[in-house]
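Here the structure is a predicted model, which is why all the values come from computation and not from measurement.
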2 protein chains.
Amino acid sequence: MAAAAGVSITTVSDALNGKGRLPDATRRHVREVADRLGYRPSAAARTLRTGKSGLIGLTVTTYGDEPFTFTEFAYFAEMARAATSAALARGYALVILPATSRHDVWSNVALDGTVVIDPSDQDPVVSELVRQGLPVVSDGRPAGSLPVTAWVDNDHEAAVLGILDHLADAGARRIGLLTGTTTDTYTHLSTTAYLRWCERVGQDPVYEAYPAHDPCAGAVAADRLLARPDRPDAVYGLFDPNGTDLLAAARRYGLRVPDDLLLVCCSESTVYASTEPPVTTLSLKPRRIGTAVVQLLIDAIEGVDPDHPVEQVIPTELIVRTSSQRRPPRTTVSPPRSPKGT
Amino acid sequence: MAAAAGVSITTVSDALNGKGRLPDATRRHVREVADRLGYRPSAAARTLRTGKSGLIGLTVTTYGDEPFTFTEFAYFAEMARAATSAALARGYALVILPATSRHDVWSNVALDGTVVIDPSDQDPVVSELVRQGLPVVSDGRPAGSLPVTAWVDNDHEAAVLGILDHLADAGARRIGLLTGTTTDTYTHLSTTAYLRWCERVGQDPVYEAYPAHDPCAGAVAADRLLARPDRPDAVYGLFDPNGTDLLAAARRYGLRVPDDLLLVCCSESTVYASTEPPVTTLSLKPRRIGTAVVQLLIDAIEGVDPDHPVEQVIPTELIVRTSSQRRPPRTTVSPPRSPKGT
DNA sequence: TGATCTTGCAGAAACGTGTCTGTCAATGTG
DNA sequence: CACATTGACAGACACGTTTCTGCAAGATCA
């Protein structure tokens, strides 16, 4: 390359990177030759020299024995998508690296930092990364004393309390919970918030827990919850598929939603806008979380003083639909055109 | 590191990589010291020297003006997940790189090869990569004369024909299609197959097309299709959300599914197992596709003679549920326990 | 005993950058 | 005219590996 342009290696480097003292003519000449040759500087050499690879790891912890539940639900998909876009906008790319990955894969890729989704209590991967001096930002408040650089999370307790109040306002007398058996922070915080709320208002807790990674177990748990002698008249489901499972279970038992059963579930899926009836959902705003996580991480990588606090709480959004309103709002959404022959 | 173990750099490299002629004692000693120091060889230096980075690009083309529609639908999520697992099993990691990404991001990461999902006709990214000598494997038959190393796809024409026959067998007299306005191969092949089938059986085509990346447009198109004077008595929807949109539209027009309207849509989502009624879906088997694509790519990278052909066709699977059967099967799935008070 | 072979390891080159330092000419300054 | 300053570039080193070659010491052999 240097030979082709008739200049030294130094001049090429300076010309392409806009450094050094070069007349514009030389700069243009070098760039032109580079374009003509299709020359691309070696990423490996640049990384070796500068110590920066422009790569960010995206780590998803596993539920149970499943090898890898990336994008098991819409949340991860949305979050990963936003994170990728945010990283790209700042010149970084994301590398998908599950936490169960073999060690050699981790050490085979030069990372500038890592995003960890829902790290477990004593996550060995996180400890190892921190020990190497790499910044680690987690989606989800780190449990225990995990030494992450920063974290982003919703206020899950407030969200659950808000939903329970919302259901109680709609007339619910006994609110049930569909929760998970796993020990991650989300499940834990949400469940304890539910239990505390029950204690406060003097309601006996009514909940079923199941391994969240198993969709069939979710359907069974939904059915069990509605089959109980102390059947709730309102249910909040912590996981994405709970809504359709609960609707199906309600149909089996002849329960009308929302008349006999109020329903809310935590989901990012748009299907709940057009189910029968539409289901009220809690959105955790994964796009905002994914963006915030990446911004914090890149700030840490580049040594920028973060103008945001290193602990960010993203507000949730309750999207109220028919399933949680005893008296459904009078909808005036008429079909655009009346079909022929009706 | 070499100094700490009291040996030379060469010995360290040989000991850790299992090469050279070393007695087991030295090998063990070096590894022990490396463990104690938490030493990890530099990925950048290794890449620079060997020319292999262990990184595979995963490129998602964009629909319309959307910057990045990664995992817009369940298909991409499942496919990406399978691809990641398959890559990891062979010691590779995936880097997410949208096709619209700025050039500098592409050249900032050292890739061994790339997976391209649904490349467009004259995809400049693919051409550039091939010019650099990198293997490129595409998910989806490449349109035009795109010079990919290998590709994997379903037989979309056969799948559509099979569905249309299935609907006709169930009693459909006029089958409609919900399709897209984009020019990707999937949409194109499916639509022409539909048109050819119509011509063969002598039915007037009844279809609505909409920009597939816009979920609201999908709901509107579903509504329009059922509002037509020549309303179809069966519909096949090419995209994931079409099922719920069509169900909602059918409800608006008072059409019973499957009695008045037979329904099939192409989807990987499990929600269609528990909608009212459950919807027959066509699965494109994204897991098998993701796995196959990565295997082919890594074979090409490592110079392995592929024992599979470089053009692989993955069979689709039609999951027949209530929505496409005029006479629904007598279900004997009784609820596990009768709820109290019913 | 000297010659050849094997074993166990060290030296050094190369990968392709970024960057520090140095050189040479042209220009300004007293 | 001597000297400092500045512009425009080239040389050389370092990043941390992998790998080829080489060298000494012991083993084997004629």
S.K.: Please report the distance, rounded to the nearest Å, between NZ in A:Lys19 and C1' in D:dA10.
M.R.: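 It is 19 Å, rounded to the nearest whole Å.
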
S.K.: Whole angstrom is fine here: how far is it from CG in A:Leu48 over to C1' in D:dT18?
M.R.: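 Atom CG in A:Leu48 sits about 13 Å away from atom C1' in D:dT18.
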
S.K.: Atom CG of B:Asp14 to atom P of C:dG11: distance rounded to whole Å?
M.R.: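 Roughly 14 Å, once rounded to whole Å.
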
S.K.: Would you say A:Thr50 reaches C:dG18's phosphate, i.e. side-chain N/O to OP1/OP2 under 4.0 Å?
M.R.: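 Checking C:dG18 against A:Thr50, no side-chain N or O comes under 4.0 Å of OP1 or OP2.
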
S.K.: Can we say B:Lys52 and B:Glu302 salt-bridge, meaning some charged N sits less than 4.0 Å from an Asp/Glu carboxylate O?
M.R.: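 Salt bridge absent between B:Lys52 and B:Glu302.
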
S.K.: For A:His29, does the NE2 atom sit with more than 12 other heavy atoms under 6.0 Å from it, leaving out its own atoms?
M.R.: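 More than 12 heavy atoms, drawn from other residues, nucleotides or ligands, come within 6.0 Å of this atom.
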
S.K.: Just compare C:dG18, D:dA10, C:dA10 and give me whichever is closest to any side-chain atom of A:Thr11.
M.R.: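 Closest nucleotide among those given: D:dA10.
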
S.K.: Could you go step by step and tell me if B:Tyr39 and B:Leu16 meet the side chain to side chain contact (heavy atoms under 4.5 Å, CB included) rule?
M.R.: CA-CA 11 Å; B:Tyr39 165 82; B:Leu16 295 183; 3.6 Å; yes

S.K.: C:dC9, OP1 or OP2 - any side-chain N/O from B:Ser8 closer than 4.0 Å?
M.R.: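 Negative; the distance criterion is not met.
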
S.K.: Quiz question: going by heavy-atom distance under 3.5 Å, is there a donor-acceptor pair between the base of D:dG11 and the side chain of A:Thr10?
M.R.: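 Yes, the side chain and the base share a sub-3.5 Å donor-acceptor pair.
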
S.K.: Rounded to whole angstroms, how far apart are CZ on B:Arg28 and C1' on C:dG8?
M.R.: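 Nearest whole value for this atom pair: 16 Å.
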
S.K.: B:Thr26 has a side chain; which of C:dT19, C:dC9, D:dT18 sits nearest to it?
M.R.: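 Among C:dT19, C:dC9, D:dT18, the one nearest the side chain of B:Thr26 is C:dC9.
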
S.K.: Atom CZ of residue position A:Arg287 - does it have more than 12 heavy atoms of other residues, nucleotides or ligands inside 6.0 Å?
M.R.: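 No, CZ of A:Arg287 has 12 or fewer neighbouring heavy atoms, counting only those of other groups under 6.0 Å.
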
S.K.: Could you give the CG-to-C1' distance, from B:Leu16 to C:dC9, as a whole number of Å?
M.R.: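 B:Leu16 atom CG is separated from C:dC9 atom C1' by 15 Å.
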
S.K.: With nearest nucleotides of DNA chain C determined for B:Leu22 and A:Ser42 from heavy-atom distances, which residue corresponds to the more 5′ nucleotide?
M.R.: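 Here B:Leu22 is the residue nearer the 5' end.
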
S.K.: Side chain of A:Arg49 only, heavy atoms from C-beta on: which candidate in D:dA8, D:dG22, C:dT17 is closest?
M.R.: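 The nucleotide sitting nearest to the side chain is C:dT17.
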
S.K.: Among C:dG22, C:dT7, D:dG16, which nucleotide has an atom closest to any side-chain atom of B:Ala45?
M.R.: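 Selected nucleotide (nearest to the side chain): D:dG16.
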
S.K.: Tell me the interatomic distance from A:Arg21, atom CZ, to C:dT23, atom P, rounded to whole angstroms.
M.R.: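 Computing the A:Arg21:CZ to C:dT23:P distance gives 14 Å.
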
S.K.: Nearest whole Å is fine: how far is D:dA8 P from A:Asp24 CG?
M.R.: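 After rounding, the reported distance stands at 9 Å.
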
S.K.: Would you please confirm or rule out a distance under 4.0 Å between OP1 or OP2 of D:dT18 and any side-chain N or O of B:Arg46?
M.R.: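 It does, given that an N or O in the side chain of B:Arg46 lies less than 4.0 Å from OP1 or OP2 of D:dT18.
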
S.K.: Do B:Glu78 and B:Arg288 sit within salt-bridge range, that is, some charged N less than 4.0 Å from a carboxylate O?
M.R.: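 A salt bridge is absent here (no side-chain N lies under 4.0 Å from a carboxylate O).
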
S.K.: Between atom CD1 in A:Ile9 and atom C1' in D:dA12, what is the gap in whole Å?
M.R.: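 It is 10 Å, rounded to the nearest whole Å.
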
